[in-house]
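Numbering starts at 1 and runs along the sequence shown.
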Amino acid sequence: GVQWGGNCTRGGVGGRRGMRFGWVCGRGVWCGAWCACHVWVASSRVNWCGVYRELGDAGGRRDLVGRGVRILEAAFGADHVGVASALASLGCACGDLGDAVKMRDLLERALRIFEAAFGADHVAVARTRENLGCAYGNLGDAGKKTALLERALRHEEVALGAGQRRGARSPAPSYRG
């Protein structure tokens, strides 16, 4: 996991001399600066995936988020909510590239993590179900797609109120198939 501490002459953490600011990064190496495998860099990679989506660069998006997933898994473990969010983004990028099987597998994994962390009625679970429904639709399983989309809709209606739609400030699911 991520660890903080060390020794420094510049004041370090909380201004205490003798402490060096740093962390053990995703490679298990003590880092005193943001390295390419730091969790903040990983989060930035995942956040940039929206830019790549807008540019229509699904391959770049997949590569960027894929590295972020590996960093987050190394830092927080495979069942962390941050990992689930990155997995959902990676799954949608794979779907944009036409790999519906990989999309389904990544979204199912993300869904399990979100459900364990938030419960079945959370909006993140509903949005992941919605994207997973699209993956099943792309695989030709209309029954599974319909079931997932209907369940997602029910949960969104509970969270937002019946007849309400996501507003401009509420992010839409990252993939529509």
Side-chain angles (χ1 to χ4, degrees), residues 1-4 23-28 37-50 52-53 58 61-97 99-139 141-162 164-167 169-177:
V2 177
Q3 301 172 357
W4 303 88
W23 49 83
V24 175
C25 70
R27 294 178 302 182
C37 63
H38 188 270
V39 293
W40 292 337
V41 173
S43 295
S44 180
R45 285 175 168 276
V46 174
N47 291 336
W48 268 94
C49 80
Y52 279 80
R53 182 179 58 236
R61 186 169 142 217
R62 179 202 55 213
D63 297 342
L64 189 73
V65 177
R67 176 73 178 127
V69 167
R70 290 189 299 276
I71 295 167
L72 292 170
E73 285 177 329
F76 298 121
D79 294 330
H80 190 271
V81 172
V83 173
S85 180
L87 287 169
S89 294
L90 181 58
C92 292
C94 290
D96 288 345
L97 290 168
D99 191 347
V101 172
K102 184 80 168 172
M103 178 185 182
R104 179 202 60 205
D105 294 345
L106 290 166
L107 289 170
E108 284 180 344
R109 186 172 159 209
L111 181 62
R112 283 191 301 273
I113 296 168
F114 281 141
E115 284 179 329
F118 300 132
D121 295 333
H122 194 272
V123 70
V125 173
R127 291 187 181 153
T128 304
R129 277 197 188 106
E130 196 170 329
N131 288 333
L132 185 56
C134 294
Y136 276 103
N138 292 339
L139 291 169
D141 190 341
K144 187 81 168 177
K145 175 183 179 177
T146 301
L148 284 162
L149 292 177
E150 286 176 350
R151 189 166 179 197
L153 178 61
R154 282 193 305 272
H155 291 297
E156 284 187 358
E157 285 178 341
V158 168
L160 301 173
Q164 297 295 316
R165 294 181 163 221
R166 287 186 217 125
R169 292 184 170 215
S170 298
S174 54
Y175 185 80
R176 301 270 184 178

Quick one, S89 and R53 - any side-chain contact, counting heavy atoms below 4.5 Å?
no
In Å and rounded to the nearest 0.5 Å, what is the CG to SG distance from L132 to C92?
10.0 Å
Return the set of residues passing salt bridge (Lys or Arg N to Asp or Glu O under 4.0 Å) with R62 (not counting sequence neighbours), or none when no residue passes.
none
Closest non-hydrogen contact found for V65 with A86 is CG1-O, 3.4 Å
Where is the tightest heavy-atom contact between A126 and A152, given as atom of each residue plus distance?
O-CB, 3.2 Å
In this structure, CG of D121 is separated from CZ of R154 (nearest 0.5 Å) by 10.5 Å
Can you give the donor-acceptor pairs under 3.5 Å from side chains of residues 99-107 to other protein atoms, not counting sequence neighbours?
residue : atom : partner : partner atom : Å
D99     : OD1  : K102    : N            : 3.1

May I ask you to test the E130-H155 pair for a side-chain heavy-atom distance under 4.5 Å?
no
Salt bridge (Lys or Arg N to Asp or Glu O under 4.0 Å): pairs with one or both residues in residues 75-84, sequence neighbours excluded:
none
Nearest 0.5 Å, what's the CG-CG distance between L148 and L153?
12.5 Å
At what distance, to the nearest 0.5 angstrom, does CG of L87 lie from CG of L111?
11.5 Å
Which heavy atom of G77 sits nearest a heavy atom of V83, and at what distance?
O-CG2, 3.4 Å
For A88 and A110, which heavy atoms make the closest approach, and how far apart are they?
N-CB, 4.0 Å
Straight-line distance of D63 CG to Y52 OH, nearest 0.5 Å
9.0 Å
Tell me, please, which residues at least two apart from V81 pass side-chain contact (heavy atoms from CB on, under 4.5 Å).
F114, A117, F118
Restricting to side chain to side chain donor-acceptor pair (under 3.5 Å), what partner residues turn up for E150, sequence neighbours left out?
none
If you measure from CZ on R129 to OH on Y136, what distance do you get to the nearest 0.5 Å?
12.5 Å
With R109, which residues qualify under salt bridge (Lys or Arg N to Asp or Glu O under 4.0 Å), at least two apart?
E73
